[in-house]
Amino acid sequence: MPTTIFDKIWDRHIVREIEHGPSVFYIDRHLIHEVTTPQAFDGLRKRGLPVFRPDQTIATADHNVPTLDQHLPIKEALSRLQVEKLTENCREFGIELYGLGHPFQGIVHVIGPELGITQPGMTIVCGDSHTSTHGAFGAIAFGIGTSEVEMVLATQCLLQNKPKQMRINVHGALGKGVTAKDIILHIIARISASGATGYFVEYAGSTIRSLSMEARMTICNMSIEMGARGGLIAPDETTFSYLKGREFAPAGAEWEQALSEWRQLRTDDDAVFDREISIPAADIQPMVTYGTNPGMGVPVTGAIPREEFMDEKERLSFHKALEYMGLQAGAAIRGQKVDYVFIGSCTNSRIEDLRQVAAFVKGKQKAEGVEVWVVPGSRQVEQQARAEGLHHIFEQAGFQLRQPGCSACLGMNEDKIPAGKYCISTSNRNFEGRQGQGARTLLASPLTAAAAAVTGVVTDVREMLN
Amino acid sequence: MRNKISSIHSTAVPLDKEHIDTDQIIPARFLKATSREGFGENLFRDWRYTHDDEARPKVDFILNQPAFGGKILVAGKNFGCGSSREHAAWALKDYGFDAVVSSFFADIFKNNALNNFLLPVQISDDFLRSLLDTVLLHPDTEISIDLENQQISNTLTGASESFVIDAYKKTCLLNGYDDIDYLLSIRDDIERFEKR
Ligand code: SF4
């Protein structure tokens, strides 16, 4: 029977099946961070258990950490405690920790790929929903809750029901100024914030094949925003050349062996999906969200929808969203004033994102009154950006280059957007209060965010590209 | 949090909103605790209270209306989307809910709820609408959830519907088993699998 890449990886990881129940699913790599693990380690202690496979577990501190003065002790007491707990737990249970100050520290979904920990054919989990990012390498990767973190720590396994499968084909050439972020915002706007619940998604088609690994990660990252369990892209030469030579990637004879296995990881031509969608790249424009879920997005040249075509329930949610955002139905999104610009998060904080922003703002200045934070995804990204001199460009433009962490993506540290202020953000969630109590988030690509930083309003970046 | 669930019979809180994400259920700034207790205090924090600077209860929010209460939360479609934070399930449980009823649950939330003996009951859009309407109109309406027979009923109107739950999970909930106990019991299998 023809199978999908998902089937192939899935089948290889089943330890056993439970009759009328889920399968026992083996996990190759477990990534952990400070926020969703303390209760899991307590659980292990209570049961008197060790970590079953500490060498398949990797830890970092990212969600809670400050992005300024990382060499100093964390000021906020509760954040400090959580990071200290992680350090103690890793020491006690023998887990490698890339904590603050470590050259490998960074957002968990940025460092996994960058260090070559993430590899094709693997199963990867983390107590964080954007674990779907790692699917860009042709891995089954998904987010789990803390009880499940405890299960994986204790047994390296989870109980899982096989999800349905969806393929999203994007084909053709992308227009000028249109990026991976616009592709995924376009897809979510089209199928809605719950449109892929219960599915695992494979992204395919000529547009996807032509993307860099960074861009593929941006797309897989936001799979969860349409409800999908995860998203993946079959590995190819782009994947292999990205991985080659990375810290934990196989080397020498092992590399050759791995390559020949990875090349098998593809969906058979006649495999059947539960649902299939096809999207012409030519339809995709730079996107901006106007509402309070990532499905509420429009092309930058478009207008916020009107209520006419909505049913009553939808109208209610729509109303509440616009009220929270302080925006008008039917109004153009272009020209909307922004107060803050956040370029960061596991969606768009990789070196390619920073390079793109720097190339765009070189010789330009941020608009008066706009605050711009560029938060690299990892220490390595930060180092690389400095080595390339990008920090000078940011400095001259009035952008602040900070230190790595989740930062204003979820506002657990000091990087919060004040109530009522508008932030154009390259992160993945525009939920109420996500970036701070009362904060108003407009999701967009790094290019669109950079354009807004320069003009002070939502701008069609294409008009500024030559 | 060892527990068991068989049947739940209670009044309900109707939260008539779709796509309720876990950032609303428990905002990120309250995720700094390192234990599982006490999250109920901040359940739906930003809908319940004004800005932290003053933190006054918002009277029109449903949890602040004395007429509504009970162990069952009835909420709009796509409940629990967004972040994987299990703190959302802990907060609901800690506040006093034993079940959440909706016409659609986000995957990770559903697992988290089940792992904490908080029963996610998925019903049709129509039945959800009628439940919300009855409870909004008659706050003392009792809802009865029978896990053994997988039935949920509105005791005021007599309407009922069956709901689906994985047989394995049902056994766990009825008997108070958790997945870790099971996984630990098959450790030999796991080690054998690794050597393959
Ligand atoms: S950057 Fe944001 S979405 Fe990504 S792991 Fe951190 S908090 Fe989660």
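In the text below, chain A, chain B and the rest are named by the order of the sequence lines, each starting its count at 1. Just so it is clear, the model here is predicted, and its values are computed rather than measured.
Heavy atoms closer than 4.5 Å to chain A are found nowhere in B:A89, neither backbone nor side chain. Proximity to chain B (any heavy atom under 4.5 Å) is shown, for A:E84, by neither the backbone nor the side chain. Contacts between A:V24 and chain B at a heavy-atom distance below 4.5 Å involve the side chain alone, from C-beta outward. Contact of A:L49 with chain B is made through the side chain alone, with heavy-atom distances under 4.5 Å. Neither the backbone nor the side chain of A:N428 comes within contact range of chain B; no heavy atom of the residue lies under 4.5 Å from a heavy atom of that chain. In this structure, no portion of A:P163 lies under 4.5 Å from any heavy atom of chain B. When heavy atoms are compared at a cutoff of 4.5 Å, A:S194 approaches chain B by way of both its backbone and its side chain. Using a 4.5 Å cut-off between heavy atoms, A:F52 contacts chain B through its side chain alone, with no backbone atom that close. Of the two parts of A:L78, the backbone and the side chain both hold a non-hydrogen atom closer than 4.5 Å to a non-hydrogen atom of chain B. The parts of A:R434 that come within reach of chain B are both its backbone and its side chain, each placing non-hydrogen atoms under 4.5 angstrom from that chain. Looking at A:L410, the atoms closer than 4.5 Å to chain B (heavy atoms on both sides) sit in the backbone and in the side chain alike. Within the 4.5 angstrom heavy-atom criterion, only backbone atoms of A:R12 (N, CA, C, O) approach chain B. Heavy atoms closer than 4.5 Å to chain B are found in the side chain of A:A419, but not in its backbone. Contacts of A:E76 with chain B are made by side-chain atoms alone, with heavy-atom separations under 4.5 Å and no backbone atom involved.
If you tally non-hydrogen atom pairs under 4.5 Å between each of A:C126, A:G145, A:A193 and chain B, the highest count goes to A:G145. Listed options A:H13, A:H20, A:R16 were ranked by heavy-atom pairs under 4.5 angstrom with chain B; first place goes to A:R16. Listed options A:N64, A:T146, A:L316 were ranked by heavy-atom pairs under 4.5 angstrom with chain B; first place goes to A:T146. The candidate with the highest count of non-hydrogen atom pairs below 4.5 Å against chain A, out of B:R192, B:K170, B:H87, B:K169, is B:H87. Ranking B:Q24, B:K17, B:E191 against chain A, the residue ahead of the rest is B:Q24, based on heavy-atom pairs under 4.5 Å. Contact count versus chain B (heavy atoms, under 4.5 Å) is highest, among A:E148, A:E19, A:K85, for A:E148. Your options are B:C81, B:G82, B:A167, and the one with the most heavy-atom pairs under 4.5 Å with chain A is B:G82.
A:I224 has its side chain out of reach of A:F142: every pair of non-hydrogen atoms, C-beta onward, lies at least 4.5 Å apart. Taking 4.5 Å as the limit, every side-chain heavy atom of B:V135 sits out of range of all side-chain heavy atoms of B:E142. A:Y26 places a side-chain heavy atom less than 4.5 Å from the side chain of B:F193. Side-chain contact between B:R45 and B:R29: present, with at least one pair of heavy atoms (C-beta onward) separated by less than 4.5 Å. Side-chain contact between B:L183 and A:L159: present, with at least one pair of heavy atoms (C-beta onward) separated by less than 4.5 Å. Within the 4.5 Å cutoff, the side chain of B:I143 has heavy atoms near those of the B:V74 side chain. Looking at heavy atoms from C-beta onward, B:F44 lies in side-chain contact with B:L15 at the 4.5 angstrom threshold. Between B:I5 and B:L174 the shortest side-chain heavy-atom distance does not fall below 4.5 Å.
For the residue pair A:H109/A:N221, the side-chain donor-acceptor check at 3.5 Å is not satisfied.
Between B:F79 and B:F109, the distance separating the two ring centers is shorter than 6.0 angstrom. Residues A:F25 and A:W10 place their aromatic rings such that the two centres sit under 6.0 Å apart.
Both tests do not hold together for B:K71 against B:F97: distance to the six-membered ring centre under 6.0 Å, angle to the ring axis within 45°.
When the shell of 6.0 Å around NE2 of A:H319 is examined, it contains 12 or fewer heavy atoms from other residues, nucleotides or ligands.
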